[in-house]
Amino acid sequence: MGTVALLGLGACGQADNMDGDDAPGEAGDAVELRVAWWGSEVRHEQTQEALAVCEAAIGNITTAPEFVTDGYDDRLATQFAASNPPDVIQVVSGAISSYGQRGGLVDMATVKEHIDTSAISPGVLNSDAVDGTNYAIPITTNASGLVLNVTMMEEYGLERPDDENWSWDDLAEYADSVYEASDGEVWGLQQPSEDIRLLNIWARQLGHLDGLYTEDGVGLDADVIASFLQYGLDLQESNGSAPASVSVEHQGAGIEQTMIGTGGAMMAVRPINEITALEATTGSEFALLQLPVHEAGETGQTFRSMSWAITSATEHPAEAAQLLDCLQGNLDAAEILQAERGIPANQDVVEHIRDDLSPEQQQMADFVAVVEANAPDAAPMPPPPGADTAEQMLLRYAEDMLFERVSPDEAAEQFADELDQSIAATN
């Protein structure tokens, strides 16, 4: 996100604006904060209403909204390049890493007295930390889960698996049983070997908490990557997942064209917020299952968040922090914002609006609560510059393996080498 802007961030160091004059303005000494976000018209209207609530609650700020439906990244990049970004910006993981590493965002530790994060779990709060530094406050959270087509499960007379205590071997056996129960009409699990987020979780379950990366390259041993790829190949060979010729036709497509979306598979590892789209697309009922674990029992889960961040160019970091605190935790603002951006990261907010959530959203909230209680506090190492094509690389090498052009070991070595070279060429 916003790579053009990164060239101009060197002069935006937050130290210039954090030299002791970081207390909020006195009542009546109002400051204006520019606030930027992207989204639908509904989001625009809700956010402006919530900003009005926060203005009244804080008392000494006014806000100047800057919102767009499309082109947010390019607009923000241009503003950063001109050393004129908004005070507060809506961001996602990639932007936090890119802007944060280059001094474009305020370290949240410098304004922590103005933001109450006690209702956000450590795993979520640290989900986008860069080298141990938090440059943003998550406002929503998402995670990977196993989506299960309940309608299809009941059609084939299968029982719902016990996801409170199951292993990857248990999942493979269950996936095999789907193919048998359907007389070969449906495969159990959408091919998982091309999911780079799942690779990170797989590695973290095996004790590699940094996941795939170090600060400047691939840090995960090739044999761990190979074990992940081998699992996908074994599924294919046992008919737990579709043959390569079928799987590849559905990879990289929108949710409607995936194996789970077209009814070709009964389960898939997907972002849990896709359950609503899956039910609308297929007409089936879906459930969310926790991911299996290795024998060590670690969940290894990672979170993906939408966040608010404060840019280092702001002249009012304390007031901006107060605004972030209100947007993520004020219950009156929460009643307006609801879950339009996703399940709130603040658990007090989730409980406050729970009765207003749809059944699918309530299921997501329950899923996230279990994950938050068991996930590691430490986030995986964020992708370094040059790793933006990692997902496409893994897809390519996994397909070569599934078509038996290379072995899992060879695919893992070649994937790690190419990704390392891409990262090295950027740094």
Side-chain angles (χ1 to χ4, degrees), residues 144-149 152 168 171-203 212 218 220 222 224-272 274-275 277-278 281-282 284 286 291-292 383 387-419 421-422:
S144 293
L146 200 68
V147 290
L148 167 70
N149 189 321
M152 187 179 290
W168 290 100
L171 172 58
E173 291 177 8
Y174 188 78
D176 293 347
S177 73
V178 174
Y179 188 79
E180 296 173 2
S182 68
D183 292 328
E185 292 185 7
V186 173
W187 288 275
L189 183 65
Q190 184 172 301
Q191 177 57 236
S193 63
E194 297 151 326
D195 186 339
I196 199 161
R197 296 183 183 89
L198 185 58
L199 170 58
N200 246 337
I201 294 171
W202 180 278
L212 181 56
V218 176
L220 191 60
V224 178
I225 302 173
S227 71
F228 174 72
L229 294 173
Q230 183 69 59
Y231 184 80
L233 182 61
D234 290 344
L235 273 169
Q236 177 177 276
E237 292 177 345
S238 66
N239 289 319
S241 68
S245 58
V246 176
S247 290
V248 297
E249 294 180 0
H250 299 274
Q251 293 297 338
I255 186 64
E256 299 86 358
Q257 300 303 317
T258 60
M259 289 290 292
I260 190 79
T262 57
M266 198 176 85
M267 297 177 292
V269 178
R270 303 294 300 184
I272 62 170
E274 291 184 349
I275 186 174
L278 281 170
T281 297
T282 64
S284 296
F286 279 81
L291 294 178
D388 52 316
T389 59
E391 190 167 2
Q392 290 77 20
M393 287 183 198
L394 181 62
L395 177 65
R396 175 160 36 90
Y397 285 111
E399 286 185 3
D400 283 346
M401 177 202 65
L402 294 172
F403 278 110
E404 300 184 349
R405 301 182 188 120
V406 294
S407 69
D409 288 336
E410 291 169 333
E413 289 280 0
Q414 293 170 19
F415 165 70
D417 288 346
E418 183 178 344
L419 184 52
Q421 291 171 13
S422 177

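In terms of the side-chain hydrogen bond (donor to acceptor under 3.5 Å, both in side chains) criterion, residue partners of Gln191 (sequence neighbours excluded) are, by chain and number, Ser193, Ser241. Take Thr282 and apply the side-chain hydrogen bond (donor to acceptor under 3.5 Å, both in side chains) test, not counting sequence neighbours, and it matches no residue. With sequence neighbours excluded, no residue satisfies side-chain hydrogen bond (donor to acceptor under 3.5 Å, both in side chains) with Trp187.
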Problem set entry | Residues Leu394, Leu229; criterion side chain to side chain contact (heavy atoms under 4.5 Å, CB included); working and verdict | CA-CA 10 Å; Leu394 181 62; Leu229 294 173; 4.2 Å; yes
For this session: Mind running side chain to side chain contact (heavy atoms under 4.5 Å, CB included) on Phe415 and Ile225 for me, showing each step along the way?
Result: CA-CA 9 Å; Phe415 165 70; Ile225 302 173; 4.2 Å; yes
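Taking the charged nitrogens against the carboxylate oxygens, Arg396 and Glu418 do have a contact shorter than 4.0 Å, which makes a salt bridge.
For the residue pair Ala265 and Leu189, the shortest heavy atom distance occurs at CB-C, 4.1 Å.
Between the side chain of Thr258 and the backbone N or O of Gly261, at least one donor-acceptor pair lies under 3.5 Å.
With values rounded to the nearest 0.5 angstrom, Gln190 atom CD is found 6.5 Å from Ile260 atom CD1. Summarising the geometry, atom CE belonging to Met393 is positioned 15.5 Å from atom CD belonging to Glu194; distances are rounded to the nearest 0.5 Å.
Using bins of under 30°, 30° to 60° and over 60° for the plane-to-plane angle, the ring pair Trp168/Tyr231 lands in the perpendicular bin.
A side-chain donor from one of Asp234 and Gln230 sits under 3.5 Å from a side-chain acceptor of the other.
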